[in-house]
Engineer: 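Sharing a structure with you now.
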Amino acid sequence: CYERALANGDREGVALPHLARLYADHVHDEHRAAYYYKVNLDRLDAHGVQSQDTIDALSFLAHHCARTARYDDAETYCARLLDYAGREKEMAK
């Protein structure tokens, strides 16, 4: 359902965060989840949107990059998380 919405343009941007969470939480395909989180983050950044979806994407991508030894990318995502309040900010430190 979400993949079909994405294939048809997903103008509202609803499918990307759902697909990212689906692959991360239920399918356990971390690389595919990272792909969808990154695409969603790029979309949010392009529209200047800062939301919980942004925080979720940054947090997941920071962890994913650290686990895959992409430390420069992980540091970049963590630096962006420092702009937000909450547990994600503490994790980023």
Side-chain angles (χ1 to χ4, degrees):
C1 172
Y2 292 120
E3 287 179 344
R4 187 173 58 231
L6 187 60
N8 289 314
D10 188 31
R11 284 182 284 253
E12 294 83 28
V14 174
L16 285 169
H18 285 286
L19 282 168
R21 283 190 291 275
L22 176 71
Y23 279 104
D25 298 340
H26 300 290
V27 179
H28 305 293
D29 185 340
E30 187 172 333
H31 295 291
R32 195 124 192 216
Y35 168 78
Y36 286 119
Y37 274 118
K38 177 68 172 122
V39 171
N40 192 41
L41 183 61
D42 290 345
R43 181 188 65 80
L44 293 168
D45 287 347
H47 291 98
V49 175
Q50 294 184 359
S51 67
Q52 186 61 45
D53 285 341
T54 306
I55 295 169
D56 293 345
L58 290 169
S59 180
F60 181 88
L61 290 167
H63 280 103
H64 174 71
C65 289
R67 284 190 295 270
T68 56
R70 294 174 33 217
Y71 301 114
D72 289 340
D73 292 335
E75 184 177 352
T76 300
Y77 294 125
C78 285
R80 288 189 59 189
L81 280 170
L82 292 175
D83 294 335
Y84 298 93
R87 64 182 170 88
E88 288 83 4
K89 180 177 183 172
E90 296 304 314
M91 181 279 304
K93 290 180 181 181

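Note that this is a predicted model, so its numbers are computed, not measured.
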Engineer: Any side-chain heavy atom of Arg32 within less than 4.5 Å of one from Val27?
Structural biologist: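 Not in contact.
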
Engineer: What's the spacing between Thr76 OG1 and Leu81 CG if we round to 0.5 Å?
Structural biologist: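 Here the rounded value is 11.0 Å.
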
Engineer: I'd like to know whether CD of Glu75 has more than 12 heavy-atom contacts from other residues, nucleotides or ligands below 6.0 angstrom.
Structural biologist: no

Engineer: Would you name the heavy atoms of Ala24 and Phe60 that are closest together and state the gap between them?
Structural biologist: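 Residues Ala24 and Phe60, closest heavy atoms: CB-CE1, 3.8 Å.
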
Engineer: With sequence neighbours excluded, tell me which residues meet salt bridge (charged side-chain N to carboxylate O under 4.0 Å, His left out) with Asp29.
Structural biologist: none

Engineer: Within the structure provided, determine whether Tyr36 and Leu22 are in side-chain contact (heavy-atom separation under 4.5 Å).
Structural biologist: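 Answer no - side chains too far apart.
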
Engineer: Would you say the side chain of Asp56 lies within less than 4.5 Å of the side chain of Arg21, judging by non-hydrogen atoms?
Structural biologist: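 Counting from C-beta outward, Arg21 and Asp56 do come under 4.5 Å.
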
Engineer: For His31, enumerate each residue passing the ring-ring contact (aromatic ring centres under 6.0 Å, His included) test, keeping only those at least two apart in sequence or located in another chain.
Structural biologist: His64

Engineer: For Asp53, check side chain to side chain donor-acceptor pair (under 3.5 Å) against everything at least two apart and list the hits.
Structural biologist: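 Checked Asp53 against side chain to side chain donor-acceptor pair (under 3.5 Å); zero matches.
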
Engineer: Might you point out which heavy atoms bring Leu61 and Ala34 nearest each other, and give the distance in Å?
Structural biologist: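 Scanning both residues completely, I find the closest heavy atoms to be CD2-O, 3.6 Å.
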
Engineer: Is there a path of hydrophobic side-chain contacts, each under 4.5 Å between heavy atoms, that joins Tyr37 and Leu44?
Structural biologist: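 They do not share one cluster, since no chain of ILVMFWY contacts under 4.5 Å joins Tyr37 to Leu44.
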
Engineer: Assess whether atom CG of Asp25 is packed by more than 12 heavy atoms of other residues, nucleotides or ligands within 6.0 Å.
Structural biologist: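 Yes, enclosed.
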
Engineer: Of all the heavy-atom pairs spanning Tyr77 and Cys65, show the shortest one and how long it is.
Structural biologist: CE1-SG, 3.7 Å

Engineer: Rounded to the nearest 0.5 Å, what separates atom NE2 in His47 from atom CG in Asp42?
Structural biologist: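 It is 12.0 Å, given to the nearest 0.5 Å.
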
Engineer: If you round to the nearest 0.5 Å, how far is CZ of Arg80 from CD of Gln50?
Structural biologist: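 The distance works out to 7.5 Å.
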
Engineer: Measure the CG-OG1 distance between Asp83 and Thr54 for me, rounded to the nearest 0.5 Å.
Structural biologist: 11.5 Å

Engineer: Just verifying a value: how many Å separate Tyr71 OH and Cys78 SG, rounded to the nearest 0.5 Å?
Structural biologist: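 Rounded to the nearest 0.5 Å, the OH-SG separation comes out at 12.5 Å.
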
Engineer: Can you name the nearest heavy-atom pair linking Ala66 to Ala74, along with the distance?
Structural biologist: N-CB, 3.7 Å

Engineer: Below 4.5 Å, heavy atoms only, C-beta onward: do Lys38 and Asp73 meet side chain to side chain?
Structural biologist: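 Result no, sub-4.5 Å side-chain heavy-atom pair not found.
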
